[in-house]
2 protein chains.
Amino acid sequence: MTDPLSGPLPGPVLLPLLGGPPTERRDAARNREALLVAAEELVDACGVDHVTMDAVAVRAGVGKGTVFRRFESREGLMAALLDRSETVWQAAVISGPPPLGPGADPMERLLAFGRSRLETTLRHAELIRAAGRAGSRSYAAWSFTAMHVRYLLGELDVRGDLPVLATALLAPLEVPVLEQQVRVEGFPVDRVLAGWEDLARRVVRPPDA
Amino acid sequence: MTDPLSGPLPGPVLLPLLGGPPTERRDAARNREALLVAAEELVDACGVDHVTMDAVAVRAGVGKGTVFRRFESREGLMAALLDRSETVWQAAVISGPPPLGPGADPMERLLAFGRSRLETTLRHAELIRAAGRAGSRSYAAWSFTAMHVRYLLGELDVRGDLPVLATALLAPLEVPVLEQQVRVEGFPVDRVLAGWEDLARRVVRPPDA
DNA sequence: AATAGAACCGGACCGTGGTCCGTTTGGGCT
DNA sequence: AGCCCAAACGGACCACGGTCCGGTTCTATT
């Protein structure tokens, strides 16, 4: 604990450098990280829905209560896990290379967005399902995608109720819909994607003047 | 039990009149019905997700094991409950009065379908959520709506991958999407509906010749 | 450095969904 | 009517998500 390397520092950094809730105690932060790591390991060892909260707690070396203190619920924990990848994906959209990131023309970006979102959703399907309406879905991730699509539609001079239209474009990329098509009906992913691109073009196409 | 009224009959009806699994024992049928009724009563007494399987069993006067034998799981029970209303709705679509039922022109039918589906989904949102992927969602109800929309799109001379396009039209009417817009974002139902109708028109509109 | 108090920790505890298996019941057959 | 077995029953039992509260550890203050 009295590590000579960190000793010279004037103790804890008092400055509330970046916002967030007042401060987080150091042990709390450590435990949060340990839990996240433990959960991640267990997830890709046993599969998402064979991971029990107890197991996560044990592997992280903390009590069960701690898990629930930090992440509210099982859904909350999964949502936290999800946020990690979601965040890097969002970064790619905001400032990554075209055509997903800025630089390409809006229609290209929209199509790239659809493809990327579809793949990402399918890859994390289990996790997303397990996260339920908590965390990511509840306004964090959803509202990001909605805003982005709405912006692109605006750039493309689409007329109409943009927020609602954007939602309509996002809806077919949700887990239950995708799984219905891919897992149950057995449609190839490419076919579903092509369908979505067709949809996008129909939505964007200007009204016959 | 030796009821004189049923006595005269030549015992049980041997003919496998209508298919289904071989036969269902009479007590089994009685219990199924009792459970359904009990569940229904409890649902609109306490609200869907305050209903426990134990409570249903007790109220129906059977053991818990029986509930699970008949309905697999909690989701299964809820799905069974859902199927009742879903069935009468399907009947309205197939053979009810226009514009929902046959008789009106396809575009009117499509718009009527959207409105009706949206209202129904919103009304049964809790139940649908509780039913999860079991029963109704898993192929029973979904495939019906998909087929219907696909048929209407065909009548409207829409070109493209009709099954996928139909799915895309259905997706914004799913519970999570609807709730996001109505409950979270606070959009009025009319606005969401108008947005869907706009979407439908954009999908149907023929490619600029 | 010592103190006070807030935040955190941990694991016993509870309710509910789901399983199991010994027992009962229904109904075709003789 | 009586027999027999498959099917159905029922409730004890288990696992897991979630809560609670007494004890511990950190941080701000003097």
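Residue numbers start from 1 in every chain, and the chains themselves are labelled A, B, ... in the order their sequence lines are given, proteins ahead of strands.
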For B:Met78 versus B:Leu127, what's the shortest heavy-atom pair and its separation? SD-CD1, 4.0 Å
Could you tell me whether [X] and [Y] have a side-chain N and a carboxylate O separated by less than 4.0 Å?
| X | Y | value |
| --- | --- | --- |
| A:Glu86 | A:Arg123 | no |
| B:Glu155 | B:Arg109 | no |
| B:Glu33 | B:Arg26 | no |

Could you tell me if the side chain of B:Trp142 sits less than 4.5 Å from the side chain of B:Thr167, heavy atoms only?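 Touching, per the 4.5 Å side-chain cut-off.
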Heavy atoms under 4.0 Å, any strand shown: does [X] hit a base, just sugar-phosphate, or nothing?
| X | result |
| --- | --- |
| A:Arg32 | nothing |
| A:Val56 | nothing |
| B:Val58 | nothing |

Give a yes/no on whether any side-chain N or O of [X] is located under 4.0 angstrom from OP1 or OP2 of [N].
| X | N | value |
| --- | --- | --- |
| B:Thr52 | C:dT16 | no |
| B:Arg69 | D:dG10 | no |
| A:Arg25 | C:dC8 | no |
| A:Asn31 | C:dC8 | no |

In whole angstroms, how far is the [atom2] atom of [N] from the [atom1] atom of [X]?
| X | N | atom1 | atom2 | answer |
| --- | --- | --- | --- | --- |
| B:Glu72 | C:dT19 | CD | P | 8 Å |
| B:Glu75 | C:dT16 | CD | C1' | 14 Å |
| A:Arg70 | D:dG18 | CZ | C1' | 17 Å |
| B:Lys64 | D:dC14 | NZ | P | 13 Å |
| B:Phe68 | D:dA12 | CZ | P | 16 Å |
| B:Arg30 | C:dT24 | CZ | C1' | 14 Å |
| B:Asp54 | D:dA12 | CG | C1' | 12 Å |
| B:His50 | C:dT16 | NE2 | P | 10 Å |

Of A:Arg74 and B:Gly61, the one whose closest nucleotide on DNA chain D sits nearer the 5' end is B:Gly61
When you measure from the side chain of A:Met53, which nucleotide among D:dG10, D:dG17, C:dG18 comes out closest?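 Among D:dG10, D:dG17, C:dG18, the one nearest the side chain of A:Met53 is D:dG17.
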Let's see if you can work this out: which of D:dG18, C:dC9, D:dG10 has an atom nearest to the side-chain heavy atoms of A:Thr66? C:dC9
